[in-house]
J.: 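First the structure, then my questions, so here it is.
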Amino acid sequence: MNTERNDLEVANETMVMTYLNILKYAEHHCNEGQNPYKIADHVFTGYMKAVTNNQQEGKG
């Protein structure tokens, strides 16, 4: 079994951990009645768009 991880595996794990950190923050800070998953989805989507735009512009 090859134990080396490729860039895609590392990137996928990083994205999952980023989302979970955002969700944890949202669950801790959102008001009662707010959906922390909806908030985390919105924040994570915005984050991914910003990262993608920066990479396309050659900034990242």
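Small disclaimer: the values here were computed from a predicted structure and weren't measured.
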J.: For H29, what residues pass the ring-ring contact (aromatic ring centres under 6.0 Å, His included) criterion, not counting sequence neighbours?
T.: Y25
J.: Could you note down all residue pairs passing salt bridge (Lys or Arg N to Asp or Glu O under 4.0 Å) where residues 19-36 supplies at least one of them, sequence neighbours left out?
T.: none
J.: List for me each residue that meets side chain to side chain contact (heavy atoms under 4.5 Å, CB included) alongside N6, sequence neighbours excluded, and say none if there are none.
T.: L8, E9
J.: Please find the pair of heavy atoms, one from A40 and one from I22, that lie closest to each other, and give the distance.
T.: CA-CG2, 3.8 Å
J.: Check salt bridge (Lys or Arg N to Asp or Glu O under 4.0 Å) between E13 and all other residues, then give those that pass, not counting sequence neighbours.
T.: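 Only R5 meet the salt bridge (Lys or Arg N to Asp or Glu O under 4.0 Å) criterion with E13.
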J.: I need the D41 CG to L23 CG distance, nearest 0.5 Å.
T.: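 Rounded to the nearest 0.5 Å, the CG-CG separation comes to 8.5 Å.
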J.: How would you list all residue pairs meeting ring pair (Phe, Tyr, Trp, His ring centres under 6.0 Å) that involve residues 31-55, not counting sequence neighbours?
T.: Y19-F44
J.: For residues T14 and M17, determine if any side-chain heavy atom of one lies less than 4.5 Å from a side-chain heavy atom of the other.
T.: no
